[in-house]
Amino acid sequence: MTTTSLPLPAPTVIVPTKGWFKLNIRELWQYRDLCWTLAGRDVRLRYRQTALGVAWVVLQPLMAAGIFTLVFGVIAGLESPGVPYFVFAYAGMMGWTAFSTTLNKTSTCIVQNAPLIAKVFFPRAILPFSVLGSTLLDFVIALVMMVVLMAVYGVEPSWALLTLPIWIALIMALAVGLGLSASALMVSYRDVQYIVPVLMQFLMYASPVAYSVSEVPEKWKIVFLGNPLSGLLEGMRWALFSGQGEAVFSLSPGLVTYTVLFSLGMALTGLVSFQRMERKFADVI
């Protein structure tokens, strides 16, 4: 009796990357199913055993916008440039939530998946990139509520709305770049997981989330504009509200250029630092 042996699959040889920067796009594409699976798992885990489920995506920025309207709009008497303060604050929270959620998830994704990294080989960059799926889904849901608010308050959009995907892409690029660096450092230095939330609290109030850059005193304005989130949030509001005749935002060509270069540069820096440190993840984690 003869038996026919099936051909064995070609072995996969894992070799360390060489050079200053080498991101294997083909390898990431081969593991795209894993990326989608992890993104779906992230969405399911976030809203598991919650009574309101995905409604929290809308309720959180709505409640924050209400508090900001009371504190900054009513008590402090700050003005919003040409749009109702509640809509103005909600737009800021929508951009900030996309940034902070992406950064927080990206910075902890390596440590949280330590058993998977120690036992299974796959491109480690899949983990931080899988975070983008749930963040973009949350942003789209929050954007639907923004459309409703604009209709209720009579805020008319303009052609600038077409640039909104560019601004959210830059926000994601900045958040992912910072998150990649933080996640790689967190493998060796667990203190990073406690430092990031504290820094995020300071960054929130140092960014024009609940106020406009035009409300900042002139002598401090250059400091606030050095924060790349200032340009990103102002740009996102410009895309949403520039159709209003009285809407004025601090969006000069120089600020746009600085914001774009800084966001893309931080994304590249995060990728480089992540790649250079990922070789020791399985040994250290």
Side-chain angles (χ1 to χ4, degrees), residues 14-25 27-28 31 34-35 38-39 41-42 45-46 95-136 138 169-207 226-232 258-285:
I14 303 174
V15 296
T17 56
K18 298 179 180 179
W20 180 72
F21 176 67
K22 184 181 179 181
L23 182 64
N24 194 335
I25 302 297
E27 186 179 52
L28 292 177
Y31 284 83
L34 175 60
C35 185
L38 293 174
R41 183 199 65 173
D42 187 27
L45 289 177
R46 181 174 182 181
W96 169 258
T97 302
F99 172 80
S100 61
T101 302
T102 302
L103 177 53
N104 286 326
K105 289 184 177 181
T106 306
S107 62
T108 58
C109 65
I110 301 298
V111 173
Q112 289 180 349
N113 291 277
L116 188 62
I117 291 176
K119 297 178 180 179
V120 183
F121 168 76
F122 60 93
R124 307 312 188 197
I126 287 290
L127 290 172
F129 287 147
S130 67
V131 171
L132 297 178
S134 61
T135 305
L136 288 174
D138 291 351
L170 291 172
I171 290 175
M172 294 294 186
L174 178 62
V176 170
L178 293 171
L180 284 170
S181 300
S183 64
L185 288 172
M186 196 177 296
V187 173
S188 301
Y189 308 100
R190 299 304 171 90
D191 294 344
V192 177
Q193 65 182 324
Y194 304 108
I195 296 175
V196 170
V198 175
L199 293 179
M200 292 295 290
Q201 293 181 4
F202 286 105
L203 184 60
M204 178 178 179
Y205 290 101
S207 304
N227 175 8
L229 275 177
S230 297
L232 293 174
Y258 166 74
T259 301
V260 172
L261 292 179
F262 192 99
S263 300
L264 297 180
M266 183 54 64
L268 180 60
T269 301
L271 283 171
V272 172
S273 61
F274 185 88
Q275 180 197 359
R276 293 180 67 87
M277 288 185 278
E278 70 172 329
R279 303 175 186 176
K280 61 180 182 180
F281 283 173
D283 298 327
V284 177
I285 203 166

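The chain is numbered in sequence order, starting from 1.
Atom CZ of Phe274 sits about 7.0 Å away from atom CG of Leu127, to the nearest 0.5 Å. Rounding to the nearest 0.5 angstrom, the gap separating the CD atom in Gln201 from the OG atom in Ser100 is 11.5 Å. Atom OH of residue Tyr258 and atom OG of residue Ser263 lie 9.0 Å apart, to the nearest 0.5 angstrom.
A heavy-atom distance below 4.5 Å is found between the side chains of Leu38 and Arg41. Using a 4.5 Å cut-off on side-chain heavy atoms (C-beta onward), Lys105 and Ser134 make contact. Side-chain contact between Leu178 and Val196: absent, with no pair of heavy atoms (C-beta onward) separated by less than 4.5 Å. At least one side-chain heavy atom of Phe129 sits under 4.5 Å from a side-chain heavy atom of Val176. A 4.5 Å side-chain heavy-atom check between Leu170 and Leu264 finds at least one atom pair inside the cut-off.
Results of the side chain to side chain contact (heavy atoms under 4.5 Å, CB included) test with Thr135 over Ile171, Thr106, Thr101 single out Thr101 as the only residue that passes.
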Working for side-chain contact (heavy atoms from CB on, under 4.5 Å), residues Asn227 and Leu203: CA-CA 9 Å; Asn227 175 8; Leu203 184 60; 3.7 Å; yes
Intermediate values then yes/no, side-chain contact (heavy atoms from CB on, under 4.5 Å), Gln275 and Leu271: CA-CA 6 Å; Gln275 180 197 359; Leu271 283 171; over 6 Å; no
Test side-chain contact (heavy atoms from CB on, under 4.5 Å) applied to Asn104 and Thr108, step by step: CA-CA 7 Å; Asn104 286 326; Thr108 58; 5.9 Å; no
Test side-chain contact (heavy atoms from CB on, under 4.5 Å) applied to Met172 and Leu136, step by step: CA-CA 9 Å; Met172 294 294 186; Leu136 288 174; 3.5 Å; yes
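Looking at every heavy atom in both residues, Gly231 comes nearest to Thr259 through CA-OG1, 3.6 Å. For the residue pair Ala173 and Ala267, the shortest heavy atom distance occurs at O-CB, 3.6 Å. Ser273 approaches Ala184 most closely through the heavy-atom pair O-CB, 4.5 Å. Minimum interatomic distance between Gly270 and Ser181 (heavy atoms only, all atoms of both residues): CA-OG, 3.5 Å. The minimum heavy-atom distance between Ile110 and Arg124, with the atom names listed, is CD1-O, 4.2 Å. Leu229 approaches Phe99 most closely through the heavy-atom pair CD1-CE2, 3.7 Å.
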